Amino acid sequence: MSFCQVIVDIASEDVDRVFTYRVPKGMALEPGMRVHVPFGRMQRLEGIVVEMVEDCDLPASRVRDVTDTLEDYPAVLPGLLELAQQIKASSFCTLAQALRLMFPAQMRGERISAKKREYAVLTVDPTVREQIAVSQSRAPKRAQVLRALMSAEGGELPVEQLRRELGDCRPMLAALCKMGYVRLEQRETMRSPYGAMEKLAANDPQLTAQQQEVLSRLLPAVEAGRGAFLLYGVTGSGKTEVFIRAVRRAAQLGKTAIVLVPEIALTPQMVMWFRSRFGEDAAVLHSRLSPGERYDEWRRIRRGDVRVVIGARSAIFAPLENIGLIIVDEEHEQSYIADNTPRYDARELARLRCEREGAALLLASATPSMRSFAMAGRGDLALLEMLRRVNDRPMPQVHIVDMREELKAGNRSVFSGALLGGLKSCLDAGKQAILFVNRRGYSTFVSCRSCGYVVTCSQCDVSMTYHSSERVLRCHYCGQEAPVPSACPECGSPYIKYFGVGTQRVEEEVRRHFPDVPVLRMDNDTTRTKDAHETLLSAFRRGEARILVGTQMIAKGLDFPNVTMVGIIAADAMLKLPDYRSAERTFQLLTQVAGRAGRADSPGEVYLQTYDPEHYAVEAASRQDYRAFYEEEMRRRKRALYPPYTLIARLLYEADRDEDAQREAQSAMRQMEAFFERRTYLRKYVVALRVMACPIRKIKGKARWEVTLKIVDKPICQEAVGKMSEIAQIPLENVSCICQVNPSSMM
Ligand code: ADP
Ligand code: ZN
Ligand code: ZN
């Protein structure tokens with residue numbers, strides 16, 4: 001008699017343990033397989049086998065049978081079962097929740113299945129075929145079907161194709177089946193997200209000396225199946241080529257690889273380009289896939305048809321076996337952190353997967369995260385550097401423009417004289433330019449010149465943004481719109497003023513200065529439809545516009561050879577956000593944006609407009625000096641006790657009524673205080689424990705309160721985070737609560 005331990009697919013704490021079932025005779029089961037089981041009063045519930053066992057202590061009458069299996073292979077590989085256990089432990093979710101990360105959501109509840117196609121297959125021996133065809137001459141249509149199959153490769157054709165060519169042939173096929181000449185077969189087919197993509201077999205470039213040097217350290221690690229690296233390579237240093245060679249080495253060794261990139265960088269261009277180097281060996285997972293395509297890509301990976309998977313955050317769960325290498329590109333990106341339950345950091349999981357499955361880890365960025373660079377400093381990651389651009393192309397020259405001086409000189413326009421001059425010479429030289437407007441933290445709000453009243457959203461505690469093309473105010477958190485008031489609602493004054501700079505305003509200004517130059521604008525408004533993002537980028541790439549005005553969307557990993565000038569309209573906009581990472585984010589963004597200039601043979605010029613030219617983040621970014629920024633920032637983090645010296649955990653309460661959110665937050669605060677009361681060994685690590693209203697007190701009509709804990713980042717302190725997660729799981733009436741660790745937004 002054999003039994004199995006099953007985790008049932010219910011995300012509740014109450015059933016967060018294994019249940020034992022009997023394996024019926026003849027059912028082949030192994031850990032990781034999905035099954036249907038009876039559970040309580042439910043006849044059929046999905047579950048995952050986590051262990052096979054020989055014996056069972058329970059009385060036989062209390063043990064029920066596994067009903068059936070959903071697939072005849074384990075959907076969750078052993079390594080990923082372990083990873084799920086790890087996520088459960090570190091993110092304090094249930095195992096059922098962690099396991100759900102491991103396969104496409106639509107597989108649950110059988111909302112998706114493999115696409116089937118019917119084939120007609122000839123079953124007669126080639127030597128007698130002619131004879132048989134002749135024997136059917138009195139049934140000409142039947143003979144026609146036979147002859148079609150005989151001339152087809154392998155003696156088989158999709159039924160659909162026969163029907164297209166010969167009209168309805170069902171009855172003939174049925175007759176031929178009965179005679180034993182033909183067999184009908186259902187076969188799985190794959191939905192291909194790549195369409196009829198032209199195969200551009202790209203040639204390998206000659207590696208630069210830097211690339212060779214980095215690879216000489218990386219490849220042995222791929223071969224040995226261990227080692228963790230941080231590749232700090234300036235923009236345009238050719239990191240991608242390093243990835244390709246390393247992945248290819250893994251493939252030569254019969255191993256597989258995962259390449260994580262930020263979702264925003266996963267453009268069709270990137271997908272196509274990757275496929276051009278790896279062909280059918282590559283699978284791409286991104287959010288534009290339909291559920292069917294996603295499922296088929298997943299199965300292709302699971303069946304071992306694929307050598308390399310490229311995808312956003314969740315591709316870290318790709319069911320690859322025999323992994324030799326995991327790469328995380330643009331590793332500083334916040335998008336690698338999943339904030340909601342189950343909470344995880346894909347970089348952390350990449351490290352775990354590499355250690356468990358014997359693979360090398362490569363984190364890469366032109367602006368590494370503070371945490372990773374600090375790890376490299378301690379020797380926990382081996383540092384690889386590429387400090388020059390490919391072919392010694394010069395780094396872009398950055399001009400800092402002090403906007404206070406412009407104002408003093410009477411220039412109230414969006415553009416400084418220097419930026420306009422640069423733009424003009426770029427256009428005169430027949431090149432393209434990018435104008436970058438930092439939307440985050442800087443919007444075109446409307447305010448009264450007499451009393452200072454600012455129009456805010458009635459549902460959210462934020463100012464509304466003016467959209468000049470539609471002449472409406474819109475809230476960027478909830479989308480609510482309002483007309484622009486003609487007089488101040490507070491004091492009645494007719495003097496209403498628009499502050500700040502938005503992409504639309506910049507676009508208008510460009511058109512005013514250069515009426516004949518085609519301009520494209522890329523922001524939330526122009527990219528609402530599905531493919532808008534890509535359409536705009538390729539139009540720009542084809543040269544249909546000379547100037548691209550855009551938000552952060554255009555900052556990431558884009559390679560436009562013809563762009564020689566980049567203008568940054570307000571470099572310091574983000575510095576004012578109440579977030580300990582605002583300097584880091586500003587530095588990263590400015591460096592990445594500046595890096596878009598001069599990537600091919602013409603040198604690049606960057607104009608960086610700021611009201612805060614002395615700020616160390618702006619200053620270091622203008623020199624593209626990562627180390628200088630890193631050292632200053634670490635000094636400040638240490639002084640103010642911010643991560644990576646500490647970790648910040650936050651309980652976020654949201655409710656319709658402010659007092660409900662406040663009450664629960666305060667109750668959580670008391671529980672945390674009591675917790676530390678009993679744990680003297682933890683108390684000394686607590687830097688701050690506070691309860692307060694969130695910086696944005698209301699979003700989408702929900703009042704928001706928080707409890708934040710700042711505690712020294714030591715393994716032992718995870719216990720406190722665990723306590724907070726536990727508190728977050730307690731169901732509340734009319735109030736929702738989530739627990740975040742080093743949350744990607746502190747608002
Ligand atoms: P990064 O990701 O480091 O910013 P990329 O990988 O995008 O840089 O490379 C910058 C440019 O240099 C790309 O256009 C790429 O095709 C080109 N490139 C990379 N390696 C080489 C090489 N060895 N020889 C010639 N061109 C290269
Ligand atoms: Zn007023
Ligand atoms: Zn709103």
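Computation of the quantities below employed the complete heavy-atom set of this structure, encompassing side-chain atoms and omitting hydrogens, waters and symmetry-equivalent molecules. What you are looking at is a predicted structure, and each value in this text was computed from that prediction instead of being measured. For this chain, numbers begin at 1 and follow the sequence in order.
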> Between CG of Leu362 and CG of Leu260, what distance do you get to the nearest 0.5 Å?
11.0 Å

> Starting at CD of Glu619, measure out to CG of Leu608 and round the result to the nearest 0.5 Å.
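Those atoms lie 11.0 Å apart.
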
> Less than 4.5 Å apart, side chain to side chain, heavy atoms only: is that true for Lys710 and Pro643?
no

> Applying ring-ring contact (aromatic ring centres under 6.0 Å, His included), can you list everything that pairs with Phe317, at least two apart in sequence or on another chain?
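Per chain and number, Phe317 pairs via ring-ring contact (aromatic ring centres under 6.0 Å, His included) with Tyr344.
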
> Just so I know, are the side chains of Leu709 and Met724 near enough to count as touching, which here means a heavy-atom distance under 4.5 Å?
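A side-chain contact under 4.5 Å exists here.
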
> Taking side chain as C-beta onward, heavy atoms only, is Phe243 less than 4.5 Å from Leu231?
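The answer is yes, as the side chains (C-beta and beyond) meet within the 4.5 Å cut-off.
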
> The test is side-chain contact (heavy atoms from CB on, under 4.5 Å); show your working for Lys431 and Val563 and say whether it passes.
CA-CA 6 Å; Lys431 301 293 184 182; Val563 170; over 6 Å; no

> In this structure, which one of Leu381, Asp380, Val328 forms a side-chain contact (heavy atoms from CB on, under 4.5 Å) with Ser372?
Leu381

> List in chain and number order the residues that pass side-chain hydrogen bond (donor to acceptor under 3.5 Å, both in side chains) with Arg393, two or more places apart in sequence or in another chain; answer none if no residue qualifies.
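In terms of side-chain hydrogen bond (donor to acceptor under 3.5 Å, both in side chains), with neighbours along the sequence ignored, Arg393 is linked to no residue.
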
> Check step by step if side-chain contact (heavy atoms from CB on, under 4.5 Å) holds for Arg505 and Val414.
CA-CA 8 Å; Arg505 171 84 189 285; Val414 182; 3.6 Å; yes

> Could you pull out all residues at least two apart from Arg639 that satisfy salt bridge (Lys or Arg N to Asp or Glu O under 4.0 Å)?
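Here no residue qualifies.
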
> In terms of side-chain heavy atoms, does Ser416 have a donor or acceptor partner in Gln609 at a distance below 3.5 Å?
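Yes, Gln609 and Ser416 have a side-chain donor paired with an acceptor closer than 3.5 Å.
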
> Output all residues satisfying side-chain contact (heavy atoms from CB on, under 4.5 Å) with Ser538, sequence neighbours left out; order by chain, then residue number.
Glu534, Arg542

> Grab the two heavy atoms, one from Ala545 and one from Val519, that are nearest each other, plus how far apart they are.
CB-C, 4.2 Å

> What verdict does the side-chain contact (heavy atoms from CB on, under 4.5 Å) test give for Met565 and Ile434, after you've listed the backbone C-alpha separation in whole Å, the side-chain angles of each residue and the deciding distance to 0.1 Å?
CA-CA 6 Å; Met565 187 266 182; Ile434 290 178; over 6 Å; no

> Could you tell me the separation between the CD atom of Gln588 and the OG atom of Ser365, rounded to the nearest 0.5 Å?
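Reported value, rounded in 0.5 Å steps: 6.5 Å.
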
> Is any side-chain heavy atom of Glu706 closer than 4.5 Å to a side-chain heavy atom of Pro695?
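Yes, at least one pair of side-chain atoms sits under 4.5 Å.
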
> Could you tell me whether the side chain of Leu651 reaches within less than 4.5 Å of the side chain of Trp705, counting heavy atoms only?
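No; the side chains remain at least 4.5 Å from each other.
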
> Any idea which heavy atoms bring Ile258 and Ile316 closest together, and the distance?
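Shortest heavy-atom separation between Ile258 and Ile316 comes out as CD1-O, 4.1 Å.
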
> With sequence neighbours left out, what residues match Glu507 under salt bridge (Lys or Arg N to Asp or Glu O under 4.0 Å)?
Arg511, Arg521

> So, do Val401 and Leu419 sit near enough that their side-chain heavy atoms are less than 4.5 Å apart?
no

> How far apart are the C-alpha atoms of Thr235 and Gln592, what are their side-chain angles, what is the distance that settles it, and do they pass the side-chain hydrogen bond (donor to acceptor under 3.5 Å, both in side chains) test?
CA-CA 7 Å; Thr235 55; Gln592 301 278 352; over 6 Å; no

> How long is the span from the CE atom in Met370 to the OH atom in Tyr645, to the nearest 0.5 Å?
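Reported to 0.5 Å precision, the distance equals 10.0 Å.
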
> Can you tell me how far CD1 of Ile696 sits from CD1 of Ile699, rounded to the nearest 0.5 angstrom?
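One gets 4.5 Å once the value is rounded to the nearest 0.5 Å.
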
> Partners of Phe560 by ring-ring contact (aromatic ring centres under 6.0 Å, His included), sequence neighbours excluded?
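With neighbours one apart ignored, the set is Phe540.
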
> Any carboxylate oxygen within less than 4.0 angstrom of a Lys/Arg side-chain nitrogen, looking at Arg635 and Glu631?
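A salt bridge is absent here (no side-chain N lies under 4.0 Å from a carboxylate O).
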
> The criterion is ring-ring contact (aromatic ring centres under 6.0 Å, His included); which residues satisfy it with His399, sequence neighbours excluded?
Tyr607

> Tyr630 vs Phe587, test: ring pair (Phe, Tyr, Trp, His ring centres under 6.0 Å). Steps then yes/no.
CA-CA 10 Å; Tyr630 171 80; Phe587 175 81; over 10 Å; no

> For the pair Thr646 (side chain) and Leu641 (backbone), establish whether a donor and an acceptor sit closer than 3.5 Å, ignoring hydrogens and angles.
yes

> On a heavy-atom basis, which atom in Leu536 and which in Met522 lie closest, and how many Å separate them?
CD1-CG, 3.8 Å

> Holding to salt bridge (Lys or Arg N to Asp or Glu O under 4.0 Å), I want the full list of residues that pass it with Arg389, two or more places apart in sequence or in another chain.
none

> Around atom CZ of Arg371, are there more than 12 heavy atoms from other residues, nucleotides or ligands closer than 6.0 Å?
no

> Report the C-alpha distance between Gln740 and Arg650 in whole Å, list the side-chain angles of each, state the deciding distance to 0.1 Å, and finish with yes or no for side-chain hydrogen bond (donor to acceptor under 3.5 Å, both in side chains).
CA-CA 5 Å; Gln740 304 171 319; Arg650 180 201 207 199; 3.0 Å; yes

> Would you call Lys239-Glu330 a salt bridge at under 4.0 Å N-O?
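Looking at Glu330 together with Lys239, the answer is no, because their closest N to O distance does not fall below 4.0 Å.
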
> Kindly write out the residues that satisfy side-chain hydrogen bond (donor to acceptor under 3.5 Å, both in side chains) with Arg351, not counting sequence neighbours, or none if the list is empty.
Glu348, Glu355

> What verdict does the side-chain hydrogen bond (donor to acceptor under 3.5 Å, both in side chains) test give for Ser458 and Gln480, after you've listed the backbone C-alpha separation in whole Å, the side-chain angles of each residue and the deciding distance to 0.1 Å?
CA-CA 9 Å; Ser458 61; Gln480 174 165 280; 2.9 Å; yes

> How close do Thr591 and Ala621 get, heavy atom to heavy atom, and via which atoms?
OG1-CB, 3.9 Å

> Any side-chain heavy-atom pair from Met386 and Val214 closer than 4.5 angstrom?
yes

> Arg637: what forms a salt bridge (Lys or Arg N to Asp or Glu O under 4.0 Å) with it, not counting sequence neighbours?
Glu584, Glu633

> Please name the pair of heavy atoms, one in Tyr626 and one in Ser369, separated by the smallest distance, quoted to 0.1 Å.
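Scanning both residues, the minimum pair turns out to be OH-O, 3.8 Å.
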
> Please list all pairs passing the side-chain hydrogen bond (donor to acceptor under 3.5 Å, both in side chains) test where one or both residues lie in residues 688-698, with sequence neighbours left out.
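Checked against side-chain hydrogen bond (donor to acceptor under 3.5 Å, both in side chains) - neighbours excluded - the pairs reaching residues 688-698 are Asp658-Arg697.
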
> List the atom of Gln211, the atom of Gly238, and the distance in Å for their closest heavy-atom pair.
NE2-O, 2.9 Å

> In Å, rounded to the nearest 0.5 Å, how long is the span from CD of Glu509 to CD1 of Ile569?
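Glu509 atom CD to Ile569 atom CD1 measures 9.5 Å (nearest 0.5 Å).
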
> Mind checking whether Arg353 and Leu83 have side chains closer than 4.5 Å, heavy atoms only?
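Heavy-atom side-chain distance check passes, below 4.5 Å.
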
> Donor-acceptor pair, Arg313 side chain versus Pro262 backbone, under 3.5 Å?
no

> Run the side-chain contact (heavy atoms from CB on, under 4.5 Å) test on Cys694 and Leu652 for me, step by step, so that the C-alpha distance in whole Å, both residues' side-chain angles and the decisive distance to 0.1 Å come before the verdict.
CA-CA 8 Å; Cys694 297; Leu652 176 61; 3.4 Å; yes

> Classify the angle between the aromatic ring planes of Tyr616 and Phe629 as parallel (below 30°), tilted (30 to 60°) or perpendicular (above 60°).
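The rings of Tyr616 and Phe629 lie parallel, inter-plane angle below 30°.
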
> Mind checking ring-ring contact (aromatic ring centres under 6.0 Å, His included) for Tyr685 and listing every partner two or more places apart, or none if nothing turns up?
none

